[in-house]
Trainee: 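My structure is below; once you've seen it, I'll send some questions.
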Amino acid sequence: MMSNMNTLILPGKKALTNIQTPILSFRYFCSQTSSSSAPSSSPSAPNNKLFVAGLSWSMDERSLKDAFSSFGEVTEVRIMYDKDSGRSRGFGFVNFTNENDAQCAKDAMDGKALLGRPLRISFALDKVRGGPVVIPRLSNVNNMMGQRS
DNA sequence: TGTGAGCGT
């Protein structure tokens with residue numbers, strides 16, 4: 001079969017065959033021993049999607065992806081812009097392939113200043129369009145207050 | 001235009 005793995009072809013890029021390309025993507029090694037160290041102090045459950053707030057208004061998705069791609073494979077980067085002024089709303093979302101990379105990027109970039117602004121990174125909420133909205137009700141309070149034995 | 005907590009098509 002075809003076991004010629006010498007040619008590395010990246011989607012959207014040129015074939016890196018004869019080009020002596022310097023390694024631009026430095027992999028950030030974090031001291032993540034095991035995946036069992038789930039962060040209990042995180043506001044939400046750890047996902048592959050990171051909520052990055054505190055972005056500078058001059059920050060674009062390219063710079064954000066370039067800043068986060070050092071921790072792992074970033075699949076999607078989205079910055080929320082204001083529909084009226086068209087300016088960045090100051091927060092965005094970074095998708096990682098691995099959950100470990102997202103955790104590493106969060107742990108490493110949280111609080112760090114990017115373009116003069118300190119970043120506030122946390123795991124994104126699981127926003128599902130059309131999902132069930134669970135509204136806590138106090139209908140059981142009456143039952144709890146007037147418990148019969 | 002300036003502003004700075006937050007969770008989006």
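Below, chains carry the letters A, B, ... as their sequence lines are ordered, and counting in each starts from 1. Just so it is clear, the structure is predicted and the values come from calculations on it, not from any experiment.
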Trainee: Could you tell me the separation between the CZ atom of A:Arg117 and the P atom of B:dG2, rounded to a whole number of Å?
Mentor: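 Computing the A:Arg117:CZ to B:dG2:P distance gives 12 Å.
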Trainee: When you measure from the side chain of A:Thr97 to the backbone N and O of A:Glu73, does any donor-acceptor pair fall under 3.5 Å?
Mentor: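 Side chain of A:Thr97 to backbone of A:Glu73, a donor-acceptor pair under 3.5 Å: yes, one is there.
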Trainee: For the pair made of CZ in A:Arg120 and P in B:dA5, what is the distance, rounded to whole Å?
Mentor: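 After rounding, the reported distance stands at 7 Å.
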Trainee: How would you label the contact of A:Lys83 with the nucleic acid (heavy atoms, under 4.0 Å): base, sugar-phosphate, or nothing?
Mentor: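 Here A:Lys83 touches no strand at all.
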Trainee: Please report the distance, rounded to the nearest Å, between CE in A:Met80 and C1' in B:dT9.
Mentor: 7 Å
Trainee: Compare the aromatic ring of A:Trp57 with the six-membered base ring of B:dG4 and state whether they stack according to the 5.5 Å and 30° rule.
Mentor: yes
Trainee: In chain order, what residues pass the ring pair (Phe, Tyr, Trp, His ring centres under 6.0 Å) check against A:Phe68, with sequence neighbours excluded?
Mentor: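 A:Phe68 satisfies ring pair (Phe, Tyr, Trp, His ring centres under 6.0 Å) with no residue once adjacent residues are dropped.
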Trainee: Which residues pass the side chain to side chain contact (heavy atoms under 4.5 Å, CB included) test with A:Ala67, not counting sequence neighbours?
Mentor: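 Only A:Leu114 meet the side chain to side chain contact (heavy atoms under 4.5 Å, CB included) criterion with A:Ala67.
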Trainee: Roughly, in whole Å, what's the span from CG in A:Asp84 to P in B:dT1?
Mentor: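 One finds 12 Å between P of B:dT1 and CG of A:Asp84, rounded.
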Trainee: Just the rounded figure in Å: distance from C1' of B:dG6 to CZ of A:Arg78.
Mentor: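 Going from CZ in A:Arg78 over to C1' in B:dG6 covers 18 Å.
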Trainee: Quick check: on DNA chain B, is the nucleotide nearest A:Ser85 upstream (toward 5') of the one nearest A:Asn95, or the reverse? Name the residue that is more 5'.
Mentor: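 Going by which nucleotide is closer to the 5' end, it is A:Ser85.
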Trainee: Side-chain N or O of A:Arg87 less than 4.0 angstrom from OP1 or OP2 on B:dT3?
Mentor: no
Trainee: Using a heavy-atom cut-off of under 4.0 Å over every strand shown, decide if A:Gly54 touches base, sugar-phosphate, or nothing.
Mentor: base
Trainee: Should the heavy atoms of other residues, nucleotides or ligands under 6.0 Å from CZ of A:Arg120 be counted, would the total exceed 12?
Mentor: no
Trainee: Rounded to the nearest angstrom, tell me the gap between atom CG in A:Leu119 and atom P in B:dG4.
Mentor: 17 Å
Trainee: What is the distance from CG of A:Leu55 to P of B:dA5, rounded to the nearest Å?
Mentor: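 Roughly 14 Å, once rounded to whole Å.
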Trainee: Whole angstroms only, please: what is the CZ-C1' distance between A:Phe91 and B:dG4?
Mentor: 12 Å
